[in-house]
Chemist: 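One structure coming up, written as structure tokens, with questions to follow.
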Protein chains: 2
Amino acid sequence: MMNYISMLKEHGLKATFQRMHILEVIGECGHKDIDEIYAEVIKIHPSLSLATIYKNIIIMGQSGVLSEVPVVGKKSKYEIVKADHIHLICTHCGSIEDKHTSIDSENLLDQLAASEHFNLDKKEINLYGTCGHCQNIKAS
Amino acid sequence: MMNYISMLKEHGLKATFQRMHILEVIGECGHKDIDEIYAEVIKIHPSLSLATIYKNIIIMGQSGVLSEVPVVGKKSKYEIVKADHIHLICTHCGSIEDKHTSIDSENLLDQLAASEHFNLDKKEINLYGTCGHCQNIKAS
DNA sequence: AAAAGTAACGATAATCATTGTAATTTATTC
DNA sequence: GAATAAATTACAATGATTATCGTTACTTTT
Ligand SMILES: [Mn+2]
Ligand SMILES: [Mn+2]
Ligand SMILES: [Zn+2]
Ligand SMILES: [Zn+2]
């Protein structure tokens, strides 16, 4: 649980309860696309407009509150900005798991960027495959 | 330069010249989105339909000829399937550069997946930042 | 506290992106 | 070079995203 009010204000955004609802859904469920966020949010706040979700996803993205996770063959997911991490993306059930491993590959990627005179802002590592749960289902 | 006819046939696809044009554009230019492919391809073959591009991007993707490169804030790019590699994506000019470095992080990621009982199919590593060229422009 | 000013919201229209349809054309096989 | 199945095209239909504008909710000023 987090304080979304201060999170929004620190990024210069008004803390409307529409934004709060959006952040709560993303914060609890992890990685959600626009439609999933909308479906969740109208359970609590049925009058909230889909256009409001689009506008706020964009503005919270630009402000550094949310980050986009583009996924092969799917709509982009959105998550609260956090430290760099790796995604395990199951192509069967669509689940996305964060892996905050302090894997040493980070340094290697920093070195690679430096050697290419590339000014690195963000590292994105996504592993696609089959999660343990879906492997068991297939085996049965 | 490559032989796209055999590439298509090996994947069980008819070698139409529409597909050849699409592959030539992607093969020469590297990473292109649907609209860029269309714009290039109609220079040579003006009657080629945009719907044909959509359908062939999908079918060549499913057949393993093309792979999708989703990009934050942009339409997905497509490239010819090749060995795993890293992308340097410039957020200023949009350029995408391949880096076929045999970086050791690959093994680390394999190990991570194995330790999570995750059956790994594909590794995606994208580095976002500013390319050398765009850094020079800003400095001037 | 009322008024004024500003930012955000909601409904819906408009636009843009993608997919489906059906008639025609093309590539492959014999 | 026919037969056959698959692919292409033009366009309709659908789906996704953005723009508009009147309304609402906050904030600041009298
Ligand atoms: Mn994540
Ligand atoms: Mn590439
Ligand atoms: Zn799964
Ligand atoms: Zn650049």
Side-chain angles (χ1 to χ4, degrees), chain A residues 4-26 32-63 65-66 68-78 94, chain B residues 3-26 32-66 68-78 94:
Chain A
Y4 296 127
I5 295 178
S6 54
M7 183 185 292
L8 286 165
K9 291 194 172 168
E10 282 166 14
H11 289 86
L13 296 175
K14 276 194 183 177
T16 67
F17 59 94
Q18 287 89 347
R19 287 174 186 163
M20 306 285 280
H21 284 312
I22 294 171
L23 289 178
E24 276 163 18
V25 167
I26 299 177
K32 291 278 177 206
D33 68 26
I34 294 270
D35 300 323
E36 292 165 341
I37 294 164
Y38 180 62
E40 277 301 313
V41 121
I42 60 172
K43 289 180 184 173
I44 298 166
H45 184 153
S47 70
L48 201 156
S49 165
L50 179 57
T52 296
I53 300 203
Y54 273 101
K55 289 171 196 163
N56 278 309
I57 290 291
I58 291 172
I59 203 169
M60 290 194 283
Q62 292 170 338
S63 307
V65 176
L66 295 182
E68 180 187 348
V69 182
V71 178
V72 170
K74 305 257 183 185
K75 284 187 169 187
S76 285
K77 314 290 182 186
Y78 298 90
Chain B
N3 184 353
Y4 295 126
I5 294 179
S6 54
M7 183 186 291
L8 286 165
K9 292 193 171 167
E10 283 166 13
H11 289 86
L13 297 175
K14 276 192 181 180
T16 67
F17 57 94
Q18 289 87 347
R19 285 173 185 164
M20 307 285 280
H21 284 312
I22 294 171
L23 288 178
E24 277 162 19
V25 168
I26 299 176
K32 291 279 178 206
D33 68 26
I34 294 271
D35 300 322
E36 292 165 342
I37 294 165
Y38 181 61
E40 277 302 313
V41 122
I42 60 173
K43 288 180 184 172
I44 299 166
H45 184 154
S47 70
L48 201 155
S49 164
L50 179 57
T52 296
I53 302 206
Y54 273 101
K55 287 166 191 163
N56 278 310
I57 289 291
I58 291 172
I59 203 169
M60 289 194 282
Q62 292 170 340
S63 307
V65 175
L66 295 183
E68 179 186 349
V69 182
V71 178
V72 171
K74 305 254 183 188
K75 284 188 168 185
S76 285
K77 314 290 184 186
Y78 298 90

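Keep in mind it's a predicted model, so treat the numbers as computed, not measured. Chain letters run A, B, ... following the sequence lines, proteins first, then strands; residues in each count from 1. Note that these values count all heavy atoms, side chains included, but never hydrogens, waters or copies made by symmetry.
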Chemist: Name all residues meeting the side-chain contact (heavy atoms from CB on, under 4.5 Å) criterion together with A:Lys75; count only those two or more places apart in sequence or in a different chain, and write none if there are none.
Modeler: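 If we apply the side-chain contact (heavy atoms from CB on, under 4.5 Å) test to A:Lys75, skipping adjacent residues, the hits are A:Asp33, A:Asp35, A:Tyr54.
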Chemist: Under the side-chain hydrogen bond (donor to acceptor under 3.5 Å, both in side chains) rule, collect the residues that match up with A:Glu68, sequence neighbours excluded.
Modeler: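 Here the qualifying residues are A:Ser76.
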Chemist: Under the side-chain contact (heavy atoms from CB on, under 4.5 Å) criterion, do A:Ile59 and A:Val65 qualify, and how do the steps go?
Modeler: CA-CA 9 Å; A:Ile59 203 169; A:Val65 176; over 6 Å; no
Chemist: Using a 4.0 Å cut-off to any heavy atom of chain A, which nucleotides of DNA chain D are the first and last in contact, reading 5' to 3'?
Modeler: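 Counting from the 5' end, contacts occupy D:dA16 to D:dT20.
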Chemist: Output, in order, the C-alpha distance, side-chain angles, deciding distance and verdict of side-chain contact (heavy atoms from CB on, under 4.5 Å) for B:Glu24 and B:His21.
Modeler: CA-CA 5 Å; B:Glu24 277 162 19; B:His21 284 312; 4.0 Å; yes
Chemist: Considering the terminal five base pairs at each end of the helix from C:dA1-D:dT30 to C:dC30-D:dG1, what angle separates the two local helix axes, rounded to 10°?
Modeler: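 Result, rounded to 10 degrees: 40°.
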Chemist: Rounded to the nearest 0.5 Å, what separation is found between the CD1 atom of A:Ile58 and the OG atom of A:Ser63?
Modeler: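 Reported to 0.5 Å precision, the distance equals 11.5 Å.
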Chemist: Could you pull out all donor-acceptor pairs under 3.5 Å where a side-chain atom in residues 8-17 of chain A meets a protein atom, sequence neighbours excluded?
Modeler:
residue	atom	partner	partner atom	Å
A:His11	ND1	A:Met7	O	2.8
A:Thr16	OG1	A:Arg19	N	3.2

Chemist: Compare every heavy atom of B:Ile5 with every heavy atom of B:Asn3, then report the nearest pair and how far apart it is.
Modeler: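 Closest heavy-atom pair between B:Asn3 and B:Ile5: OD1-N, 3.1 Å.
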Chemist: Could you list all the salt bridge (Lys or Arg N to Asp or Glu O under 4.0 Å) pairs where at least one residue sits in residues 38-55 of chain A, not counting sequence neighbours?
Modeler: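 Pairs touching residues 38-55 of chain A that pass the test: A:Glu40-A:Lys43.
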Chemist: For the residue pair A:Val41 and A:Ile22, what are the closest heavy atoms and their distance?
Modeler: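 Smallest heavy-atom distance, with atoms named: CG2-N, 3.9 Å.
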Chemist: Say you draw a straight line from CD1 of B:Ile57 to CD1 of B:Ile26; how long is it, rounded to the nearest 0.5 Å?
Modeler: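 So the CD1 of B:Ile57 and the CD1 of B:Ile26 are separated by 4.5 Å.
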Chemist: Going by heavy atoms closer than 4.0 Å, what residues in residues 38-48 of chain A are next to DNA chain C?
Modeler: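 When residues 38-48 of chain A is checked for heavy atoms under 4.0 Å from DNA chain C, the hits, listed by number, are A:His45, A:Ser47, A:Leu48.
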Chemist: Treat primed atoms plus P, OP1 and OP2 as sugar-phosphate and everything else as base, then score nucleotides 17-30 of chain C 5' to 3': B for base contact with protein heavy atoms under 4.0 Å, S for sugar-phosphate contact only, - for none.
Modeler: SSBBB-----BS--
Chemist: Looking at every non-hydrogen atom in both residues, tell me the closest pair between B:Tyr38 and B:Leu50 and how far apart they are.
Modeler: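 Nearest heavy atoms, B:Tyr38 then B:Leu50: CE1-N, 3.6 Å.
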Chemist: Between atom CD1 of A:Ile37 and atom CG of A:Leu66, what is the distance when rounded to the nearest 0.5 Å?
Modeler: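 Going from CD1 on A:Ile37 over to CG on A:Leu66, the span is 7.5 Å.
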